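In what follows, every heavy atom counts, from backbone to side chain, and hydrogens, waters and symmetry copies are set aside. Bear in mind the structure is a predicted one, so any value in this text is a computation, not a measurement. Numbering of residues begins at 1 and proceeds along the displayed sequence.
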Amino acid sequence: MDLNFSGHLTRVVAVEEATQVGQVRREALALAARIGFDETDSGRVALAASELASNLLRHGGGGRVYLSVVQGRGERGVEIHTLDAGPGFVLSQALVEGYSTAGSQGLGLGAIRRQATLLDSWSDARGSVVVARIYPDRAPPQVDSPYGALRMAMRGEEACGDAWHLTVAEGRATVTLIDGLGHGLPASDAARAGIAAAAAASTADPVELLQAIHRGMAGTRGGAVAVATVPLAGGDGHFCGVGNISAGIADPHGLRGLASLPGIVGLQFRKAQAFGVHAGQGTLLLMHSDGLQSRWRLQDYPGLVQRHPALVAAVLQRDCDRGRDDASIVAVRIGAW
């Protein structure tokens with residue numbers, strides 16, 4: 001299985017009153033149409049989007065919906081996240097037909113589960129996060145890819161100066177994350193130029209790839225770049241970073257950080273150097289831009305590191321977003337491909 005996928009911008013929709021449920025449905029349908037879903041599959045997306053958004057009002061007192069394109073094994077899908085500050089729930093209980101905490105018929109999450117390849121949730125004192133992925137009916141049973149990612153523009157901006165790319169080839173996953181200097185269109189132009197170079201590159205060597213990105217970002221304002229390549233089944237890989245991208249390998253015992261060197265890719269840096277990294281089976285490769293605070297500890301979320309990478313990315317984004325810059329995060333499960 002090979003992938004060569006550049007992350008799309010995540011669309012954020014606030015749901016604070018009933019009319020915004022319709023907005024979520026329309027935007028989810030537009031996303032499904034953009035990636036070629038037929039009428040039947042689009043209807044499944046509409047049902048899941050409407051139910052998830054309605055649940056924000058019924059059970060969470062309102063919240064936010066994130067809509068993204070996800071790259072599966074041979075098919076693209078629609079990913080829907082919801083975040084609220086409500087009392088939380090236990091997913092296994094909520095999937096039982098007739099179970100409800102709000103006096104409803106208790107059919108919503110069960111209906112979503114029938115449409116979605118992935119449905120998972122996290123609840124804690126800050127509220128609940130739910131993630132659902134819907135792929136076309138023609139997709140194989142094992143279509144889902146074990147990664148999660150969010151790419152979000154700064155509030156008030158349409159353009160995003162962060163970008164990411166995932167390549168899977170020859171038994172290795174290569175993740176590139178770019179944070180264009182500043183924000184807005186100039187930062188977006190820089191990041192897009194770098195990601196285009198990463199997508200076109202014929203090498204998985206992190207140093208060579210970073211140098212290709214450097215050439216691709218010439219003439220832009222430049223930015224921070226990090227590249228990690230690791231075996232899909234787990235083992236020894238390499239990491240190369242310039243600038244302030246945060247990266248590490250996470251397991252139930254903590255996070256081993258990966259070091260970047262100073263400089264601005266596309267403008268000037270002293271050298272690109274790859275460092276060895278061991279990513280054992282079951283570990284999680286995590287990379288994020290400085291739009292997210294870096295002083296988090298997965299140990300503060302018991303069991304989260306072992307959940308689906310999409311859920312890990314959503315919870316960390318919820319709790320660590322600085323709110324004053326573009327923000328991107330990518331999480332890849334090693335040994336689950």
Peer 1: Identify whether Leu232 and Leu209 are in the same connected component of the hydrophobic contact network (ILVMFWY, side-chain heavy atoms under 4.5 Å).
Peer 2: no

Peer 1: Atom CD of Glu75 and atom OG1 of Thr117: how far apart are they, to the nearest 0.5 Å?
Peer 2: 10.5 Å

Peer 1: Taking the side chain as every heavy atom from C-beta outward, state whether Arg44 and Asp137 have any atom pair closer than 4.5 Å.
Peer 2: yes

Peer 1: Go through it in stages, so that I can follow the logic: the residues are Val129 and Ser121, the test is side chain to side chain contact (heavy atoms under 4.5 Å, CB included), and I'd like the CA-CA distance, side-chain angles, deciding distance and then a yes or no.
Peer 2: CA-CA 5 Å; Val129 178; Ser121 71; over 6 Å; no

Peer 1: Set out, in order, the CA-CA distance, both residues' side-chain angles and the distance that settles side chain to side chain contact (heavy atoms under 4.5 Å, CB included) for Asp84 and Val15, then state yes or no.
Peer 2: CA-CA 10 Å; Asp84 66 55; Val15 178; over 6 Å; no

Peer 1: Looking at Arg151 and Ala327, would you say the former's side chain and the latter's main chain have a donor-acceptor pair under 3.5 Å?
Peer 2: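 No, because the side chain of Arg151 does not come within donor-acceptor range (under 3.5 Å) of the backbone of Ala327.
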
Peer 1: Report the C-alpha separation of Leu298 and Leu316 in whole Å, then their side-chain angles, then the decisive distance to 0.1 Å, and conclude whether the side chain to side chain contact (heavy atoms under 4.5 Å, CB included) test is met.
Peer 2: CA-CA 9 Å; Leu298 278 175; Leu316 291 179; 4.3 Å; yes

Peer 1: Any sub-3.5 Å donor-acceptor pair from Asp251's side-chain atoms to Thr283's backbone N or O?
Peer 2: no

Peer 1: Looking only at heavy atoms, which two atoms of Leu31 and Ser68 are closest? And how far apart?
Peer 2: CD2-O, 3.5 Å

Peer 1: Show the nearest heavy-atom pair for residues Pro302 and Trp122, with the distance to one decimal.
Peer 2: O-CH2, 3.3 Å

Peer 1: How far apart are the closest heavy atoms of Ser289 and Asp326, and which atoms are they?
Peer 2: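 The pair with the smallest heavy-atom distance is OG-O, 3.8 Å.
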
Peer 1: At their closest point, which heavy atom of Ile178 faces which heavy atom of Met217, and how far apart are they?
Peer 2: CG2-CE, 4.1 Å

Peer 1: Report the distance from atom CZ of Phe239 to atom CG of Leu285, rounding to the nearest 0.5 Å.
Peer 2: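 Those atoms lie 8.5 Å apart.
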
Peer 1: Do Arg307 and Asp120 touch side chain to side chain, with heavy atoms closer than 4.5 Å?
Peer 2: yes

Peer 1: Rounded to the nearest 0.5 Å, how far apart are OG of Ser246 and CZ of Arg295?
Peer 2: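 CZ of Arg295 is found 11.5 Å from OG of Ser246.
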
Peer 1: Under a 3.5 Å cutoff, is there a donor and acceptor pairing between the side chains of Glu16 and Gln20?
Peer 2: no

Peer 1: Evaluate the side-chain proximity of Tyr301 to Val312: yes if any heavy-atom separation is below 4.5 Å, no if none is.
Peer 2: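 With C-beta onward as the side chain, the pair stays apart.
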
Peer 1: Identify whether Ile264 and Val242 are in the same connected component of the hydrophobic contact network (ILVMFWY, side-chain heavy atoms under 4.5 Å).
Peer 2: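 No, Ile264 and Val242 fall in different hydrophobic clusters.
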
Peer 1: Is the backbone N or O of Arg333 less than 3.5 Å from a side-chain atom of Trp337, with the two atoms forming a donor-acceptor pair by type?
Peer 2: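 Side chain of Trp337 to backbone of Arg333: a pair is present.
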
Peer 1: Verify side chain to side chain donor-acceptor pair (under 3.5 Å) between Arg256 and His278, making sure each step is shown before the conclusion.
Peer 2: CA-CA 10 Å; Arg256 288 177 285 121; His278 182 78; over 6 Å; no

Peer 1: Here's a test for you: under side-chain contact (heavy atoms from CB on, under 4.5 Å), which of Arg113, Arg133, Glu79 qualifies with Leu118?
Peer 2: Arg133

Peer 1: Side-chain contact, heavy-atom cut-off 4.5 Å: Asp319 with Arg126?
Peer 2: yes

Peer 1: Looking only at side-chain N and O atoms, does Asn4 offer a donor or acceptor that is under 3.5 Å from a partner on His165?
Peer 2: yes

Peer 1: Please work out whether the ring planes of His214 and Phe269 are parallel, tilted or perpendicular, with thresholds of 30° and 60°.
Peer 2: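 Judged by the thresholds at 30° and 60°, the geometry between His214 and Phe269 is perpendicular.
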
Peer 1: Decide yes or no on salt bridge (charged side-chain N to carboxylate O under 4.0 Å, His left out) for Arg155 and Asp325, but give the supporting numbers first.
Peer 2: CA-CA 8 Å; Arg155 294 185 184 101; Asp325 198 356; over 6 Å; no

Peer 1: Should Ile195 and Val175 be counted in the same cluster of Ile, Leu, Val, Met, Phe, Trp and Tyr side chains packed under 4.5 Å apart?
Peer 2: no

Peer 1: Is it true that Leu29 and Val69 fall in one hydrophobic cluster, defined by side-chain heavy atoms closer than 4.5 Å?
Peer 2: no

Peer 1: Where do Ala149 and Ala313 come nearest, in terms of heavy atoms and distance?
Peer 2: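 Heavy atoms only, the tightest pair is N-CB, 4.4 Å.
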
Peer 1: Return yes when atom CD of Glu17 has more than 12 non-hydrogen atoms of other residues, nucleotides or ligands closer than 6.0 Å, and no otherwise.
Peer 2: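 It does: Glu17 CD has more than 12 such atoms within range.
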
Peer 1: Could you measure the distance from the CD atom of Gln71 to the OH atom of Tyr135? Nearest 0.5 Å is fine.
Peer 2: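 Interatomic distance, Gln71 CD to Tyr135 OH, rounded to 0.5 Å: 8.0 Å.
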
Peer 1: Taking the six-membered ring for Trp, are the ring centroids of Tyr147 and Trp164 within less than 6.0 Å of each other?
Peer 2: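 Between Tyr147 and Trp164, the centre distance is under 6.0 Å.
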
Peer 1: Step by step, work out the side chain to side chain contact (heavy atoms under 4.5 Å, CB included) result for Val65 and Leu56.
Peer 2: CA-CA 9 Å; Val65 176; Leu56 283 180; 3.6 Å; yes

Peer 1: So, Asp144 and Arg73, do they make that salt bridge, N to O below 4.0 Å?
Peer 2: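 No.
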
Peer 1: Should we say atom CZ of Arg318 is surrounded by more than 12 heavy atoms from elsewhere, each under 6.0 Å from it?
Peer 2: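 Yes, because the 6.0 Å sphere around CZ of Arg318 holds more than 12 heavy atoms from other groups.
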
Peer 1: Give a yes or no answer on whether the side chain of Thr167 reaches the backbone of Thr174 with a donor-acceptor pair at less than 3.5 Å.
Peer 2: no

Peer 1: For the side chain of Ser188 and the backbone of Gly184, is there at least one donor-acceptor N/O pair under 3.5 Å apart?
Peer 2: no

Peer 1: Is there a side-chain contact between Leu83 and Val130 (heavy atoms, below 4.5 Å)?
Peer 2: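 Leu83 does not reach Val130 side chain to side chain.
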
Peer 1: First locate atom CG of Asp162, then atom CG of Leu150, and finally report the distance between them rounded to the nearest 0.5 Å.
Peer 2: 11.5 Å

Peer 1: Any side-chain heavy atom of Asp290 sitting closer than 4.5 Å to one from Asp179?
Peer 2: yes

Peer 1: Please determine whether residues Ile80 and Phe37 belong to a single hydrophobic cluster, defined as Ile, Leu, Val, Met, Phe, Trp and Tyr linked transitively by side-chain heavy-atom distances below 4.5 Å.
Peer 2: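 Ile80 and Phe37: one cluster.
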
Peer 1: So, taking the atom named OG1 in Thr203 and the one named CD in Gln211, what distance separates them when rounded to the nearest 0.5 Å?
Peer 2: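 Answer rounded to 0.5 Å: 9.5 Å.
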
Peer 1: I want to check something: taking the side chain as every heavy atom from C-beta on, are Val13 and Arg64 in contact at a cut-off of under 4.5 Å?
Peer 2: no

Peer 1: Measuring only between side-chain heavy atoms, which start at C-beta, is Arg297 closer than 4.5 Å to Gln299?
Peer 2: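 Yes - at least one pair of side-chain heavy atoms lies under 4.5 Å apart.
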
Peer 1: Taking all non-hydrogen atoms of both residues into account, name the closest pair between Ala310 and Val131 and its distance.
Peer 2: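 Heavy atoms of Ala310 and Val131 come nearest at CB-CG2, 4.1 Å.
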
